[in-house]
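So the structure is just underneath, and the comments pick up after that.
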Amino acid sequence: MRILEISYRNPYGKNGAGVESYIYKLANFLKSNKNIVEIAYASENKINGSSPMEVYIPKFVWKIGLAKFYYNLKLYFIVNKNKSAYDIIHINGDNGSLIPFIKGAKTLMTLHGSISETLKLRTKSHSIKYIISYILDSIDGFFEIASCRKSQMVISVSEHTARFFKEKTGRNDINVINTCIEPPYKINKNFDIIDELKNSGRTLLLWVGRDPVRKGLNIAKRAIKGIDNITLITAGYNDENPQENVVNLGYVDNDLLQAIYQITDIILFPSINEGFSIGLLEAMSYGCIPVAFSIPSTNELIKDGENGFIVNNEDELKQKLSWLVNNKYIIKQIRPNVISRASDYYCNKILPGIYSLMEELNQSQNHR
């Protein structure tokens with residue numbers, strides 16, 4: 001099969017987050033099965049002609065918040081022109097959400113979450129950029145639902161996302177296949193900060209993410225206040241509001257992130273909205289004990305008291321952390337359960353199911 005993967009950021013570049021990480025793994029898996037994969041993504045640099053699916057977006061478009069809208073619109077015309085070159089066009093959520101409207105395109109759509117739900121959580125602002133972004137994201141959310149209706153086949157990465165789109169679209173044939181992670185591996189590099197944290201003798205907590213509001217960074221920072229012998233590591237976001245007992249690392253590369261997982265006792269996940277978190281799964285695969293807010297995605301993953309802990313509010317979060325720090329034997333006790341749960345989501349167990357759906361879609365379309 002010749003497959004076009006629709007991303008937004010380059011999954012092979014340093015800006016890859018959860019969705020891009022998923023695309024990177026899937027694309028490499030498909031290539032290993034001798035399928036030809038091309039990736040469409042947005043670029044801030046002028047295209048060099050090496051790929052017709054590298055979509056150049058002028059920098060001023062990024063600055064005014066129109067990049068995703070521009071990308072989806074331009075990609076629609078590029079894919080429409082080249083649709084006959086692909087057996088399957090795999091769309092990731094709102095990335096390329098106009099493509100299912102192209103006549104004759106064979107589309108498989110993966111839903112990572114709902115823009116419509118996420119919009120409700122935005123911090124209110126009266127800036128022009130925010131207002132434009134909010135309006136365009138609202139339109140994009142509408143097209144995401146409409147695209148789910150139009151695509152020949154749909155995958156959801158979680159049960160709760162599937163329920164949301166089934167309700168919005170009336171489709172009862174949405175497949176549920178979770179995102180995946182690679183098994184943990186030992187980092188052979190030496191990092192001074194890792195040695196320093198590891199030898200501190202303190203209980204180490206981790207918050208990781210690029211969206212501090214949705215993922216509850218300030219909630220995590222408030223939760224550790226007043227708890228002795230504890231250090232919170234924050235990674236992925238450059239926090240400009242320093243706080244005692246918080247080590248902010250900003251953006252970290254993958255090797256450093258994996259090294260952090262290896263020394264962390266507890267992964268804090270006070271996210272208020274999430275499709276299905278790869279970062280949380282990766283941390284769990286190394287034995288980091290999850291303490292997470294009760295939201296649909298974490299309730300699917302974590303059984304309270306068995307392979308992590310679910311809390312309902314900030315007070316419960318603070319109480320749970322204090323209890324764990326004072327009863328560290330609990331961390332060792334449930335760590336094997338945490339690792340075992342994460343192993344359910346290894347890519348060698350997940351990706352073959354996606355490949356089977358692609359084959360099924362391709363065969364069904366060819367027989368029409």
Among side-chain atoms of [X] and [Y], is any donor-acceptor pair under 3.5 angstrom?
X    : Y    : answer
S21  : K25  : yes
S97  : D140 : yes
Y355 : E359 : yes
D315 : Q319 : no

Is any side-chain heavy atom of [Y] closer than 4.5 Å to one of [X]?
X    : Y    : answer
V154 : F165 : no
I187 : Y185 : yes
H160 : S297 : yes

Parallel, tilted or perpendicular, as decided by the 30° and 60° cut-offs, for the rings of Y345 and F276: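 F276 and Y345: tilted rings.
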
Joint hydrophobic cluster, L280 plus I263, side-chain heavy atoms closer than 4.5 Å: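 L280 clusters together with I263.
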
Member of I99, I91, L98 meeting the side-chain contact (heavy atoms from CB on, under 4.5 Å) criterion with V79: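 By the side-chain contact (heavy atoms from CB on, under 4.5 Å) criterion, V79 pairs with just one of I99, I91, L98: I99.
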
Side-chain (K320) to main-chain (V291) donor-acceptor, under 3.5 angstrom: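 Judged by distance alone, no pair lies under 3.5 Å.
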
What closest approach, in Å, do [X] and [Y] show between heavy atoms, and which atom pair accounts for it?
X    : Y    : result
A220 : L268 : CB-CD1, 3.8 Å
I155 : I354 : CD1-CG2, 4.2 Å
N312 : S294 : OD1-CB, 3.5 Å

Over 12 non-hydrogen atoms of neighbours within 6.0 angstrom of NZ in K31: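 Atom NZ in K31 is packed in, count exceeds 12.
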
Side chain to side chain donor-acceptor pair (under 3.5 Å) evaluation trace for K103 with N80: CA-CA 8 Å; K103 291 182 179 180; N80 188 46; over 6 Å; no

From Y41, Y70, W62, F69, residue fulfilling ring pair (Phe, Tyr, Trp, His ring centres under 6.0 Å) relative to Y8: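 When Y41, Y70, W62, F69 are each tested with Y8, the ring pair (Phe, Tyr, Trp, His ring centres under 6.0 Å) holds only for W62.
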
